[in-house]
Amino acid sequence: MAQLTCRFASQILEVTLSLNAIVPEHATTPSPVLYLLHGLSDDDSAWQRFSAIERYAENYGIAVVMPQVGRSYYTDMAYGPDWYRFLSEELPVISERLFPISTRQEDTFVAGLSMGGYGAFKWALRQPERFAAAASLSGSLDIVEVGEREAPPPEYPLIFDQSPAGSDDDLFALLKRYRTPQACQPALFQWCGRDDALYPANVRFQEAARETALELDWHEGPGDHQWRYWDRQIQRVLKWLPITSPDT
Ligand SMILES: N[C@@H](CCC(=O)N[C@@H](CSC=O)C(=O)NCC(=O)O)C(=O)O
């Protein structure tokens with residue numbers, strides 16, 4: 001795999017950002033692509049530093065694009081930059097220009113951990129025509145509850161102002177769009193460890209998803225909020241993804 005770290009200018013954010021990607025260098029056709037999202041305290045280097053994602057992705061001939069969004073919860077901030085617009089509008093265009101990746105929905109996937117699990121499900125549920133599948137590992141899936149914590153992230157009011165309840169940033173509100181079968185609906189994979197503080201929110205999300213027409217593969221097991229579990233579970237995600245056109 002080729003590993004590419006690049007710096008580019010985001011027109012939406014009006015700032016220079018970095019991006020990490022791993023791309024099959026011997027593929028003769030555009031590669032399937034996994035957008036892989038980081039957690040609250042991480043950046044675009046985290047998946048490569050703390051997991052063996054490059055080794056795992058190579059087995060599937062899939063490119064992996066790892067952006068950075070700071071501590072934004074992948075959201076257009078009430079008092080700050082439009083990180084969701086960057087993610088969902090600009091990042092795919094830039095990635096398709098820079099890397100030999102497929103633009104087909106059936107070849108496009110998104111996954112993430114913690115804040116990134118929230119970002120992955122939000123992106124896939126808001127733009128279902130873009131993705132074949134999405135995965136959340138230890139996802140921070142109840143964004144309303146994040147604001148009700150004893151010590152919410154200090155940025156929370158800047159991101160969500162009063163409350164994201166019922167908005168397009170609320171995954172439970174987005175789920176309601178899928179109460180009946182939709183023309184486009186990504187397959188979902190969700191994992192959370194039972195010792196994780198985010199486990200109850202994950203259970204609530206999978207219960208709410210059961211009330212929809214979405215196909216959700218829900219997994220739980222021993223574990224808390226640590227890379228040793230995400231390194232293991234991302235292998236499971238790659239195996240689960242419906243990758244149809246690898247060319248390695
Ligand atoms: N409380 C701290 C650190 C917690 C944190 O950053 N958790 C991450 C994942 S850990 C590694 O990436 C996260 O995304 N949490 C989301 C959440 O809603 O808790 C802090 O606030 O920095």
Side-chain angles (χ1 to χ4, degrees), residues 17-20 34-54 56 64-81 83-84 86-87 110-125 134-165 167-174 189-206 208 220-235 237:
L17 292 175
S18 66
L19 170 72
N20 256 303
L34 172 66
Y35 291 94
L36 190 53
L37 310 184
H38 68 76
L40 185 64
S41 41
D42 289 326
D43 65 8
D44 53 316
S45 70
W47 275 103
Q48 281 194 279
R49 290 170 62 205
F50 305 125
S51 82
I53 183 64
E54 181 169 342
Y56 307 145
V64 183
V65 173
M66 294 161 278
Q68 60 156 293
V69 302
R71 294 171 60 94
S72 69
Y73 279 85
Y74 299 87
T75 296
D76 291 341
M77 295 177 66
Y79 305 100
W83 286 102
Y84 178 75
F86 159 70
L87 178 79
V110 60
L113 71 91
S114 199
M115 178 186 84
Y118 163 77
F121 274 2
K122 182 163 82 171
W123 192 5
L125 294 177
S136 162
L137 304 179
S138 317
S140 188
L141 301 183
D142 189 342
I143 201 63
V144 175
E145 195 199 42
V146 173
E148 291 165 354
R149 287 179 194 163
E150 210 175 293
E155 303 82 357
Y156 191 90
L158 299 177
I159 302 171
F160 299 108
D161 201 3
Q162 299 301 316
S163 166
S167 75
D168 283 0
D169 293 317
D170 176 357
L171 295 184
F172 291 85
L174 291 177
F189 178 106
Q190 183 191 351
W191 177 86
C192 193
R194 282 190 284 267
D195 303 319
D196 193 321
L198 296 174
Y199 175 71
N202 272 265
V203 171
R204 283 199 303 282
F205 180 88
Q206 70 87 22
E220 58 176 80
D224 54 11
H225 214 64
Q226 291 195 56
W227 275 102
R228 80 174 76 146
Y229 301 107
W230 302 324
D231 181 59
R232 217 174 286 156
Q233 295 303 324
I234 195 64
Q235 298 177 61
V237 169

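Counting starts at 1 for both ligands and their atoms, following the listed order.
- Residue, atom and distance of the protein heavy atom nearest to atom 8 (C) of ligand 1 are S114 OG, 3.4 Å.
- Contacts with ligand 1 closer than 4.0 Å are made by side-chain heavy atoms of H225 only, the backbone lying farther away.
- Interface atoms of ligand 1 facing L113, defined by a heavy-atom separation under 4.0 Å, are 12 (O).
- Heavy-atom proximity to M115, at under 4.0 Å, picks out these atoms of ligand 1: 13 (C), 14 (O), 16 (C).
- For ligand 1, the atoms closer than 4.0 angstrom to any heavy atom of G39 are 12 (O), 14 (O).
- Side-chain contact check for W123 versus Y84: some heavy-atom pair is nearer than 4.5 Å.
- The shortest side-chain heavy-atom distance between S114 and L198 falls under the 4.5 Å cut-off.
- Counting heavy atoms from C-beta on, the side chains of F121 and V110 never come closer than 4.5 Å.
- Aromatic ring orientation, W83 versus F86: perpendicular (interplanar angle above 60°, classes split at 30° and 60°).
- At a 4.0 Å heavy-atom cut-off, ligand 1 touches S140 through the side chain alone.
- At the top of the distance list for atom 6 (O) of ligand 1, counting protein heavy atoms only, stands S41 OG, 2.9 Å.
- Note: W47 and W227 have perpendicular aromatic rings, judged against thresholds of 30 and 60 degrees for the angle between ring planes.
- Distance check for atom 1 (N) of ligand 1: every protein heavy atom is found at 4.0 Å or beyond.
- Only the side chain of Y73 comes within contact range of ligand 1, with a heavy atom under 4.0 Å; no backbone atom does.
- Judged by distance alone, the side chain of D231 and the main-chain N or O of F50 form no donor-acceptor pair under 3.5 Å.
- Checking atom 20 (C) of ligand 1 against the protein gives a heavy-atom contact under 4.0 Å.
- Residues H38 and Q68 form a side-chain contact, since some pair of their non-hydrogen atoms from C-beta on lies under 4.5 Å apart.
- Of the N or O atoms in W230, none lie within a sub-3.5 Å distance of an N or O in ligand 1.
- At least one N/O-N/O distance between R149 and ligand 1 falls below 3.5 Å.
- Panel note: side chain N202, backbone G139; a donor-acceptor pair is recorded below 3.5 Å.
- Remark: side-chain polar atoms of Y229 are not paired, donor with acceptor, to backbone N or O of P222 under 3.5 angstrom.
- Under the 4.0 angstrom criterion for non-hydrogen atoms, R71 is in contact with ligand 1.
- With a 4.0 Å heavy-atom cut-off, ligand 1 is reached by the side chain of D42 but not by its N, CA, C or O.
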